[in-house]
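Here the structure comes first, spelled out in structure tokens, and everything after it is commentary.
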Protein chains: 2
Amino acid sequence: MKNDRRVSRTRRLMLDALMALIEERGYEKITVQDILDRADVGRSTFYAHFRDKDELLLSWFEHLRELFELQQQDLLAARRNGSVPGVNMVLDLFRHTAEHHKLYKAVAGRQSGEMILKYLHRYLNGLLLPVFEELSRSRREPPVPVEVTVNFLVSTLFSLMTWWLDRDMPYPAEKMEEMFRTLTRPAIEAALGTPPAEVPEAVNKNDTVGGFYRLFIDSVCCAGR
Amino acid sequence: MKNDRRVSRTRRLMLDALMALIEERGYEKITVQDILDRADVGRSTFYAHFRDKDELLLSWFEHLRELFELQQQDLLAARRNGSVPGVNMVLDLFRHTAEHHKLYKAVAGRQSGEMILKYLHRYLNGLLLPVFEELSRSRREPPVPVEVTVNFLVSTLFSLMTWWLDRDMPYPAEKMEEMFRTLTRPAIEAALGTPPAEVPEAVNKNDTVGGFYRLFIDSVCCAGR
DNA sequence: TTTATTATCGAACATCATGTTCATTATCGA
DNA sequence: TCGATAATGAACATGATGTTCGATAATAAA
């Protein structure tokens with residue numbers, strides 16, 4: 001059965017072990033054996049659940065993704081009710097990062113595995129793409145294809161994040177968010193071929209990115225599931 | 001002795017084998033044994049020269065770096081003589097990439113090793129940093145620290161490159177270069193806090209990036225050393 | 001050409017991580 | 001309680017890594 005306590009128990013044990021080990025050494029340096037030892041779980045048990053290390057980590061992201069999409073729906077519903085969320089989610093992202101930098105560093109820092117970043121990259125791309133396609137529909141043939149613009153945005157966010165983490169956060173989160181806006185806002189304008197007046201909306205949509213990260217780190221740090 | 005024919009011969013054999021294998025399968029999927037088989041070199045010989053796969057590849061970059069720095073000096077000398085290089089080096093980069101996309105894909109594509117990209121990233125950063133520090137000296141306290149701006153530039157170049165390669169180059173090189181300019185030019189202006197008038201210089205300096213890549217791929221494809 | 005040097009060979013070896021198998025045991029839901 | 005099945009753990013096959021060492025061949029220097 002799906003709702004077998006044994007199943008969820010072992011999965012939780014293995015995920016907890018993985019998270020702890022990532023914090024300690026970084027994803028790359030972990031072997032399956034390490035996870036087994038830490039989780040105190042049999043070797044064959046692991047392979048009964050996942051094919052390899054990556055699949056274990058991905059199962060965790062899957063779980064996060066579901067949570068995130070629920071949150072998204074709430075947010076959309078709130079918007080329909082006319083209430084404007086006064087928060088800056090990119091800023092929240094950087095704040096959360098500062099607070100939980102150890103884990104973030106393991107996931108996004110220089111010594112982390114590319115697999116995680118690539119997964120997140122792809123996911124955020126898919127998330128922002130429809131938003132920007134919507135945005136660009138009102139304009140005709142933007143100088144830069146929407147797909148490229150979105151990819152550029154995510155890359156910039158990641159590059160700021162990793163730079164910041166690798167240097168142990170020499171600036172406050174507020175400054176980082178400001179940099180992100182300074183760098184991307186004019187670029188988005190230029191890419192969409194938008195007159196400056198319409199910019200605020202673009203920046204707004206951008207906040208979707210932060211939304212994911214916020215939930216992301218919240219879920220991570222409680223380490224529960 | 002250093003100038004022993006045997007040494008340079010085995011090193012060349014191993015490098016050639018590595019390059020061929022990278023083109024075929026990508027860096028990740030190669031084992032030391034593969035290199036040995038292809039190069040027809042003894043196991044112990046390999047470890048007499050390098051500690052692992054990465055070190056072999058790095059030795060190749062080291063070699064490229066030297067060549068590049070020589071070219072840089074020539075270029076600087078030419079500039080002192082008053083002759084303005086009329087070429088757009090970023091454009092050249094994208095053209096070379098299109099021409100030798102197979103190898104580029106192995107090095108910079110989605111399935112390549114992060115190690116190479118990280119190395120290049122760091123190198124280009126170090127290259128552009130003094131240039132932009134010089135640029136920003138005339139201005140006081142730019143909105144974005146120079147270090148971040150440079151990192152952003154390299155990231156953007158890489159993101160365009162990999163996006164392009166992963167999708168089998170759906171646009172001509174000219175279009176890609178145009179996008180790069182569209183995205184980065186206004187961002188650089190904003191980051192440096194520069195009035196639009198002074199921009200051309202910034203774009204000019206940027207060309208240094210392409211300079212490396214041009215030589216980079218030239219050296220690669222001839223496969224000689 | 002001769003000689004002393006040393007890079008290469010190759011085969012063996014230890015080590016370690018991966019992934020599979022299977023009979024046994026413990027735990028679960030019904 | 002009972003049938004189902006998840007977890008165990010030990011054994012095994014596989015394959016990559018990195019080391020060692022005596023023999024051999026190529027090399028630079030004399």
Side-chain angles (χ1 to χ4, degrees), chain A residues 1-60 62-63 106 111-116 225, chain B residues 1-60 62-63 106 111-116 225:
Chain A
M1 271 256 175
K2 273 184 184 177
N3 292 349
D4 195 322
R5 282 186 211 161
R6 291 172 293 180
V7 175
S8 45
R9 178 179 167 276
T10 13
R11 291 175 87 100
R12 186 175 44 75
L13 281 175
M14 292 194 286
L15 273 177
D16 287 351
L18 178 67
M19 290 302 125
L21 287 167
I22 284 183
E23 276 206 57
E24 286 174 22
R25 310 181 213 167
Y27 180 71
E28 304 282 68
K29 290 171 195 136
I30 301 175
T31 72
V32 174
Q33 192 61 52
D34 294 333
I35 303 171
L36 268 36
D37 291 345
R38 176 72 60 109
D40 201 22
V41 153
R43 179 161 202 74
S44 48
T45 308
F46 178 91
Y47 288 105
H49 287 271
F50 308 102
R51 208 177 325 111
D52 50 28
K53 213 174 63 172
D54 286 4
E55 205 171 286
L56 170 60
L57 186 57
L58 281 186
S59 81
W60 176 64
E62 273 311 295
H63 177 248
Q111 69 148 8
S112 85
E114 55 181 342
M115 177 236 149
I116 314 179
R225 32 160 297 134
Chain B
M1 272 257 173
K2 274 183 184 177
N3 293 347
D4 195 321
R5 283 186 210 162
R6 290 171 294 180
V7 174
S8 46
R9 179 181 166 275
T10 27
R11 290 176 86 100
R12 187 175 43 76
L13 281 175
M14 292 194 287
L15 273 177
D16 288 351
L18 179 67
M19 290 302 124
L21 287 167
I22 283 183
E23 275 206 54
E24 287 173 23
R25 309 181 214 166
Y27 180 71
E28 304 281 68
K29 290 171 194 133
I30 301 174
T31 73
V32 174
Q33 191 61 52
D34 294 333
I35 302 170
L36 268 35
D37 292 344
R38 177 72 60 108
D40 202 20
V41 153
R43 181 163 201 72
S44 48
T45 307
F46 177 91
Y47 288 103
H49 286 272
F50 308 102
R51 207 177 324 112
D52 51 28
K53 217 175 59 174
D54 286 4
E55 204 170 291
L56 170 60
L57 185 58
L58 281 186
S59 81
W60 175 65
E62 273 309 296
H63 176 248
Q111 69 149 8
S112 85
E114 55 181 342
M115 176 236 149
I116 314 178
R225 31 161 300 134

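Side-chain atoms of A/V7 lie closest to D/dA7 of the nucleotides D/dA7, C/dA7, D/dT20. When the nucleotides D/dA7, D/dC21, D/dA10 are ranked by their closest atom to the side chain of B/S44, D/dC21 comes out on top.
Separating the CZ atom of B/R11 from the C1' atom of C/dT8 is a distance of 14 Å, rounded to the nearest angstrom. Whole-Å rounding puts the A/M14 CE to D/dA7 P distance at 8 Å. The interatomic distance linking B/L36 (CG) with D/dA16 (C1') rounds to 12 Å, in whole Å. B/I35 places its CD1 atom 12 Å from the P atom of D/dA16, with the value rounded to the nearest Å. If you take CZ of B/R6 and P of C/dT8, they are 7 Å apart, rounded to a whole angstrom. Atom CZ in A/R5 sits about 9 Å away from atom C1' in C/dG29, given to the nearest Å. Atom-to-atom, CG of B/N3 to P of C/dA7 comes out at 12 Å; the value is rounded to the nearest Å. Whole-Å rounding puts the A/F46 CZ to C/dT20 P distance at 11 Å.
Side chains of B/L13 and B/D40 form no contact here, defined as non-hydrogen atoms less than 4.5 Å apart. Here the side chains of A/M14 and A/W60 are not in contact, with every heavy-atom distance at 4.5 Å or above. Between A/D52 and A/V32, every side-chain heavy-atom pair lies at or beyond the 4.5 Å cut-off. Contact check for A/L58 versus A/M115: side-chain heavy atoms found under the 4.5 Å cut-off. At a threshold of 4.5 Å between non-hydrogen side-chain atoms, the residues A/R11 and A/H63 do not count as touching.
Put simply, the side chain of B/D34 gets close to the backbone of B/T31: a donor and an acceptor are under 3.5 Å apart.
With sequence neighbours excluded, no residue forms a salt bridge (charged side-chain N to carboxylate O under 4.0 Å, His left out) with B/D54.
Where DNA chain C pairs in unbroken runs of 3 or more (Watson-Crick or G-U, both distances under 3.5 Å), the stems are C:1-30 with D:1-30.
Of all heavy-atom pairs between A/V41 and A/T10, the closest is CG2-CG2, 3.9 Å. Heavy-atom minimum distance, A/L18 versus A/I35: CD1-CD1, 4.0 Å.
Between D/dT8 and A/T45, a contact under 4.0 Å exists linking OP1 or OP2 to a side-chain N or O. The shortest distance between the side-chain N/O atoms of A/H49 and the OP1/OP2 oxygens of D/dA7 is below 4.0 Å.
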What pairs of nitrogen or oxygen atoms, one from the protein and one from nucleotides 13-18 of chain C, lie under 3.5 Å apart?
residue: C/dT18; atom: OP1; partner: A/V32; partner atom: N; Å: 3.4
residue: C/dT18; atom: OP2; partner: A/V32; partner atom: N; Å: 3.2

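Take the nearest nucleotide of DNA chain D for A/D40 and for B/D52: the residue whose nucleotide is more 5' is A/D40.
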